[in-house]
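These figures come from a predicted structure and were not determined experimentally. The chain is numbered in sequence order, starting from 1.
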Amino acid sequence: MSLPTVQFSDDQAEAWDRIATALEQAGVDLVSGACQSAPEDKRVTLAVMGKAGSGKTLLLAELTRALLEAGVELVSGDYEGRRRREKRTLAVLAPTNKAASVLRARKVAATTIHRILYTPVYDPEYERIAEWLTGNLPRPTVEGLSETALDRAHAFYAQVKSIPGALAAAGLRGSDFITGWKRRDDPLDIGFVDESSMLDARQLEDLQELFSTLILFGDPAQLAPVNQSGGMVFDSLPAPAQLKLARIHRQAEGNPILDLAHALADPALGFEDFESRVADAARRDDRVHLAERVDSDLMARSPVLVWRNATRLRLITAFRRAHEAPETALSPGEPLMCDGLELPLKHRKKRIDLEARGLIKGAQVVYLGPGRKPGFSRLHIFGAEEPQISVASIIKIETDPDEEPFIPYAATMGAAFVHGAAVTIHKAQGSQWPEVQVFAPDLFAAARAGRSEGGVPLWKRLAYVAITRAEHRLHWVIRNRLARPRTSLSTEDLEAAPAPLALSSEA
């Protein structure tokens with residue numbers, strides 16, 4: 001079986017061949033590029049398992065490219081054309097917006113699991129444009145839209161297969177195009193799921209029902225979901241369905257952050273020895289920094305990663321004081337994290353709409369300012385395709401784990417938020433930031449506690465997950481101190497023009 005043009009390692013090549021064989025049995029031949037209708041009785045789930053730097057993302061990206069070249073149609077969260085029975089489809093998914101945006105930054109058109117579980121309801125006028133762009137209808141005539149605007153949309157779509165992007169090029173907005181959302185009833189075809197270590201058993205069952213061919217990509221060294229008793233969903237798959245990749249390849253060699261992460265696999269390595277390795281790496285390479293105190297400027301966009309909730313609250317309180325944030329309000333530029341949607345069942349449509357726009361639990365946002373109505377907030381959602389919205393909000397500022405949070409803004413119902421300047425390592429899974437601060441005193445406390453998860457000391461799992469959240473630079477903070485900010489809180493680094501406030505009339 002032939003391989004793609006990139007040079008794979010032996011384990012990557014073996015995984016490619018196993019997946020290609022499964023796809024061929026499902027009617028998609030990556031060698032000949034031929035696609036046939038999916039057999040009705042054929043279902044398969046495989047898992048590609050490897051630590052950071054083992055080449056999981058490269059394999060996922062190359063498989064996606066090969067499927068698209070074979071004529072498989074990509075299904076995204078922004079638009080699905082009219083289903084054709086003979087057409088094969090692929091969806092590339094991640095559990096969170098942040099994880100999906102990491103893939104999109106690597107030119108893999110990914111969307112969230114949440115968003116693919118819902119299907120958009122389209123305005124018929126705009127749907128004609130989308131069907132034309134995807135080749136299903138002739139060029140439309142749309143009242144109020146010039147031929148030049150249609151040409152711009154067509155030129156954009158020829159370069160980037162994004163319906164919202166093409167509509168934006170024509171002067172239209174995605175929120176005008178999508179009028180609502182509904183839960184998906186019809187099944188899909190081929191699914192790739194990144195960061196699958198974050199999935200629980202129920203989510204795996206839902207995905208297996210939705211996709212006849214499901215390929216999971218996950219890191220067995222990360223933290224398991226809290227309800228999984230230390231195990232990952234791919235642990236339950238039969239051994240032949242588990243495709244294991246070795247630790248590191250050419251593209252990751254010489255990366256001190258990954259070297260530190262993989263050093264944690266040594267059973268004899270203790271916390272003090274590991275911290276000495278961090279100090280040695282910091283002396284040799286600027287990508288590792290042994291920090292005496294937490295950088296309060298970095299906290300505005302990259303949360304400090306901690307183990308204990310009490311530590312999280314202390315750091316958030318110190319951050320707000322250092323930036324002179326008012327006690328009874330938020331300052332524009334403060335980071336928040338979505339803590340869920342507080343909506344009654346009768347407002348199910350609003351919940352679906354918010355989730356589809358990226359406001360799922362764990363979504364990272366920045367407060368831009370108050371909305372037009374009491375209780376509404378203007379927000380920037382990291383990783384969302386339309387990042388700026390206005391939404392009914394319930395914002396909680398926690399100061400003490402034993403006391404009720406202070407609530408500076410509250411609608412009667414809507415999206416709930418907690419402060420995001422510090423985050424537990426569990427909640428950071430699936431996210432990455434250019435620079436990451438890891439609060440080492442908390443990991444030392446975990447080491448002293450002697451706890452284990454899945455037979456591995458808990459502090460090592462925590463350290464591994466925290467370290468591998470850093471894309472370019474790791475700050476290992478060794479003291480329980482906070483540096484004074486050098487700059488004021490701001491929103492200038494975010495897009496200036498907010499997206500239409502589609503939720504401002506009701507939420």
Side-chain angles (χ1 to χ4, degrees), residues 35 64-65 67-92 97 100-101 103-112 115-116 118-182 184 186 188-189 352-353 356-358 380-381 383-390 494-505:
C35 289
T64 300
R65 179 192 58 78
L67 285 169
L68 297 181
E69 288 182 356
V72 175
E73 189 175 280
L74 190 68
V75 174
S76 69
D78 57 40
Y79 181 76
E80 289 181 43
R82 297 174 183 176
R83 296 292 299 273
R84 287 172 285 178
R85 187 177 182 85
E86 74 283 358
K87 194 69 176 178
R88 303 303 302 272
T89 62
L90 165 70
V92 182
N97 275 290
S101 69
L103 286 175
R104 290 197 294 268
R106 299 177 183 181
K107 302 191 183 306
V108 178
T111 191
T112 62
R115 191 157 186 178
I116 210 67
Y118 308 120
T119 55
V121 178
Y122 309 110
D123 183 297
E125 192 80 351
Y126 295 144
E127 186 174 9
R128 290 166 52 211
I129 304 173
E131 290 293 330
W132 162 59
L133 291 172
T134 54
N136 295 326
L137 286 179
R139 183 182 178 112
T141 300
V142 180
E143 184 177 354
L145 199 63
S146 68
E147 294 298 310
T148 302
L150 286 175
D151 288 340
R152 287 199 303 269
H154 189 270
F156 182 95
Y157 192 77
Q159 298 295 322
V160 181
K161 303 301 183 188
S162 168
I163 294 297
L167 291 171
L172 301 172
R173 298 177 297 194
S175 56
D176 295 333
F177 176 57
I178 299 174
T179 60
W181 299 81
K182 64 179 181 178
R184 175 181 296 281
D186 54 318
L188 288 170
D189 188 357
I352 292 174
D353 194 19
R357 290 169 182 270
H380 180 101
I381 308 171
E385 294 174 3
E386 289 189 1
Q388 297 199 11
I389 66 169
S390 180
L494 307 175
E495 296 178 5
L501 309 183
L503 302 179
S504 61
S505 60

Working to the nearest 0.5 angstrom, can you tell me the gap between [X] [atom1] and [Y] [atom2]?
| X | Y | atom1 | atom2 | result |
| --- | --- | --- | --- | --- |
| L494 | I381 | CG | CD1 | 12.0 Å |
| R128 | L133 | CZ | CG | 12.5 Å |
| T134 | I129 | OG1 | CD1 | 11.5 Å |
| L188 | L90 | CG | CG | 10.0 Å |
| N136 | E131 | CG | CD | 4.5 Å |

Set of residues satisfying side chain to side chain contact (heavy atoms under 4.5 Å, CB included) with respect to T141, sequence neighbours excluded: none

Once side chain to side chain contact (heavy atoms under 4.5 Å, CB included) is applied, do any residues pair with A109, and if so which ones, sequence neighbours excluded? L74

Closest non-hydrogen atom pair between [X] and [Y], with its separation:
| X | Y | answer |
| --- | --- | --- |
| A100 | A110 | O-CB, 3.9 Å |
| P140 | L150 | O-CD1, 3.5 Å |
| A153 | A170 | CB-CB, 3.9 Å |

For D189 and V75, what are the C-alpha separation, side-chain angles and deciding distance, and is it a side chain to side chain contact (heavy atoms under 4.5 Å, CB included)? CA-CA 10 Å; D189 188 357; V75 174; over 6 Å; no

If a pair satisfies ring-ring contact (aromatic ring centres under 6.0 Å, His included) and one of its residues is in residues 132-165, list it, with sequence neighbours excluded. W132-H154

Checking R152 side chain against A169 main chain: does a donor-acceptor pair fall under 3.5 Å?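 The answer is yes, because a donor-acceptor pair under 3.5 Å joins these two groups.
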
Between the main-chain N or O of V72 and the side-chain N or O of R88, is there a donor-acceptor pair closer than 3.5 Å?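 Side chain of R88 to backbone of V72, a donor-acceptor pair under 3.5 Å: no, none is there.
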
Listed partners of E147 passing salt bridge (charged side-chain N to carboxylate O under 4.0 Å, His left out), at least two apart: R139

